[in-house]
Amino acid sequence: MRLDRPVDPDRIPAQPDAADLAFMRLALDQAHNAWLLGEVPVGAVIVREGKVIATGFNRPIGDSDPTAHAEIIALRQASSLLDNYRLP
């Protein structure tokens, strides 16, 4: 499901598809990694064209970096992989 426009509640599928479940499982696994390290358990996954291109989990404590949140880690990884500061 794309979230770049307002969500119409009548168009939300009753059941997520297998890919959505797999992506959510991966995000939860990333959150678990953070929890194991004593961080706030948040995970992030960036998907492009149905494929995972980056993941991240919170690690500001371990990295002594206030910007090391799951989403930022994943965004940095994705932009590095794609060699582009924009993530279309």
Side-chain angles (χ1 to χ4, degrees):
M1 179 184 318
R2 295 181 59 143
L3 296 179
D4 57 350
R5 59 185 176 273
V7 175
D8 178 356
D10 295 327
R11 299 196 62 182
I12 296 174
Q15 296 292 323
D17 65 20
D20 289 338
L21 292 173
F23 299 145
M24 182 54 76
R25 178 74 256 166
L26 182 54
L28 291 170
D29 289 345
Q30 291 296 303
H32 186 76
N33 290 339
W35 177 77
L36 289 172
L37 296 173
E39 304 277 2
V40 175
V42 176
V45 176
I46 297 179
V47 178
R48 182 177 183 192
E49 297 175 358
K51 296 184 181 184
V52 174
I53 59 169
T55 62
F57 58 88
N58 272 4
R59 50 188 205 215
I61 298 167
D63 287 0
S64 297
D65 179 356
T67 68
H69 289 263
E71 304 88 333
I72 302 301
I73 300 295
L75 286 168
R76 287 178 181 154
Q77 187 181 67
S79 64
S80 178
L81 177 74
L82 299 174
D83 195 27
N84 193 341
Y85 72 98
R86 293 183 178 173
L87 298 175

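We use all heavy atoms of the structure for the numbers below, so side chains are in, but hydrogens, waters and symmetry mates are not. Just so you know, these numbers come straight off a predicted model, no measurement behind them.
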J.: Could you state the interatomic distance from CD1 (Ile73) to OG1 (Thr67), rounded to the nearest 0.5 Å?
T.: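 Interatomic distance, Ile73 CD1 to Thr67 OG1, rounded to 0.5 Å: 7.0 Å.
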J.: Let me confirm one number: the CG-CG distance from Asp63 to Leu37, rounded to the nearest 0.5 Å.
T.: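 Spacing of CG (Asp63) from CG (Leu37) equals 9.5 Å.
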J.: Of the non-hydrogen atoms in Ser79 and Tyr85, which two are nearest, and what is the gap between them?
T.: CB-CA, 4.4 Å
J.: When you measure from the side chain of Glu39 to the backbone N and O of Gly62, does any donor-acceptor pair fall under 3.5 Å?
T.: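 Looks like yes, one N/O pair under 3.5 Å.
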J.: Does Leu28 form a side chain to side chain contact (heavy atoms under 4.5 Å, CB included) with Arg25? I'd like the steps, not just the answer.
T.: CA-CA 5 Å; Leu28 291 170; Arg25 178 74 256 166; 3.7 Å; yes
J.: Check the hydrophobic clustering (I, L, V, M, F, W, Y; side-chain heavy atoms under 4.5 Å; chains of links allowed) and say if Leu81 and Leu75 are grouped together.
T.: yes
J.: Using side-chain contact (heavy atoms from CB on, under 4.5 Å) as the criterion, point out the one residue from Val47, Val45, Leu82 that pairs with Ile53.
T.: Leu82
J.: Over all heavy atoms of both residues, which pair between Val42 and Glu71 is shortest? Give the atoms and the distance, please.
T.: CG1-OE2, 4.3 Å
J.: Please name the pair of heavy atoms, one in Pro66 and one in Pro60, separated by the smallest distance, quoted to 0.1 Å.
T.: CA-CB, 4.3 Å
J.: About how many Å separate CG of Asn58 and CG of Asn33, when rounded to the nearest 0.5 Å?
T.: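 Reported to 0.5 Å precision, the distance equals 11.5 Å.
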J.: Ignoring hydrogens, what is the shortest heavy-atom contact between Ala74 and Gly56? Give both atom names and the distance.
T.: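 Distance-wise, the nearest heavy atoms are CB-N, 4.0 Å.
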J.: Using the salt bridge (charged side-chain N to carboxylate O under 4.0 Å, His left out) criterion, which residues pair with Arg48? Sequence neighbours excluded.
T.: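 Once residues adjacent in sequence are excluded, Arg48 has no partner under the salt bridge (charged side-chain N to carboxylate O under 4.0 Å, His left out) criterion.
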J.: To the closest 0.5 Å, what do you measure between CG (Asp17) and CZ (Phe23)?
T.: 8.0 Å
